[in-house]
Amino acid sequence: MAPERLTRVLLVEDDPDIRTIAVLAMEALGGLTVRVCAAPDEAPAAAIEFAPEMILLDVMMPGCDGPSLLARLRRLPATAQTPVVFVTARVQPQEIERYLRLRPLGVIPKPFEPTTLASTLQQLWERRDQPTAVS
Amino acid sequence: VSALPEREYREALAALRRAYASELAGRLRAVDRCAAAVCALGWDAERLQPLQDLAHRMAGSAGVYGFAAVSAAAAPLEAFAERALGWRGAPARGARHELGRLLRGLRRACVAEGLSARDTAPPPGGHGPPRPVPTRLRPAAS
């Protein structure tokens, strides 16, 4: 059974600057346990091993975009049901529509405010049985 | 729930922001080098992809680190490089001018965020990417 509060997040993000500040915000301010993948190809194995409650997924990464990675994760029994939140600078209506078809838990536009990142994720987690939210 | 007192978090965040700011001039120079390579060596994927990648990273990370003006100026540069990738080596009319305009905008944004004029000086040879040598000054073809 999923816990009341979000505690474990897998962050898949290729930009080291964003990884650094996002991990600080999620761990230090949000009290979350975070595992990081710098490359999308690492994510499936890391997700199986770490068993995150939520996966925070950058949309634009070299070699594999977030939606393609989400499709891969959905094919794995261990991650088929894990809530995924996209982080993206691409928030044109047609792009948002494309993401929503993949039924993520939410979409967080980039640039995001690091200080509110953990609370945004908690809010998404608390409404995980409801339709996708665009923050 | 927080693992650190908020004051310590704020200090850590401020330290990260200072470190990012200290690297901003270097990032701007890297963008300049990529743009200069595009103009001098060709509008192909080999040259444009690094420009798009750098602009993409700048647009994303600068905003997260609190440098909103830099993020806002890097985003159209990224979009321009992405469009240019579709030109398959043949730049659209006015492309060089547009690239120069976007680079000047990025410079202005860096200055607005506190970088000095020295840190944001265009590369030697002029502001932005090198301009083509006028036809009448080119050596005659042998």
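All values below come from the heavy atoms of this structure, side chains included, with hydrogens, waters and symmetry mates left out. None of the values given here were measured: they were computed from a predicted structure. Just so it is clear: chains get the letters A, B, ... in the order the sequence lines come, proteins before strands, and each one is counted from 1.
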Is the shortest heavy-atom distance from the side chain of [X] to the side chain of [Y] under 4.5 Å?
X: B:Q49; Y: A:P62; value: no
X: B:Y9; Y: A:P114; value: yes
X: B:R57; Y: A:I18; value: no
X: B:Y20; Y: A:I21; value: no

Against chain A, label B:S71 side chain, backbone, both or neither, depending on which of its atoms sit under 4.5 Å from a heavy atom there.
->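 For B:S71, side-chain heavy atoms alone lie under 4.5 Å from chain A.
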With a 4.5 angstrom heavy-atom cut-off, could you sort out which part of A:T115 is near chain B: side chain, backbone, both or neither?
->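 Its backbone and side chain both get close to chain B.
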Counting only heavy atoms closer than 4.5 Å, note whether A:A25 contacts chain B via side chain, backbone, both or neither.
->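 For A:A25, heavy atoms of backbone and side chain both lie under 4.5 Å from chain B.
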Is B:V111 reachable from B:L24 through a run of I, L, V, M, F, W or Y residues, each pair having side-chain heavy atoms under 4.5 Å apart?
->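 Each belongs to a different hydrophobic cluster.
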Co-membership, hydrophobic cluster, residues A:V87 and A:M60, 4.5 Å side-chain |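 Result: no, two separate clusters.
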More than 12 heavy atoms from other groups under 6.0 Å of CD on A:Q94 =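 Yes, enclosed.
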Exceeds 12 heavy-atom contacts within 6.0 angstrom, atom CZ of A:R74 |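 It does: A:R74 CZ has more than 12 such atoms within range.
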What distance do A:D15 atom CG and B:D53 atom CG have between them, rounded to the nearest 0.5 Å?
->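 Here the rounded value is 10.5 Å.
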Straight-line distance of A:R19 CZ to B:S61 OG, nearest 0.5 Å =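 Separation between the atoms: 12.0 Å.
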Under 3.5 Å donor-acceptor, B:Y65 side chain and A:D17 backbone |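 Checking the backbone N and O of A:D17 against the side chain of B:Y65, a donor-acceptor pair under 3.5 Å is found.
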Apply the test salt bridge (charged side-chain N to carboxylate O under 4.0 Å, His left out) to residues A:R90 and B:E82: give CA-CA distance (whole Å), side-chain angles for both, the deciding distance (0.1 Å), then the verdict.
-> CA-CA 13 Å; A:R90 307 258 166 146; B:E82 187 177 12; 2.9 Å; yes
Find the one option among B:A75, B:G63, B:A59 whose heavy-atom pairs under 4.5 Å with chain A are most numerous.
->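 When all of B:A75, B:G63, B:A59 are compared, B:G63 has the most.
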Between B:E78 and A:K110, is there a side-chain N and carboxylate O pair less than 4.0 Å apart?
->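 A salt bridge is absent here (no side-chain N lies under 4.0 Å from a carboxylate O).
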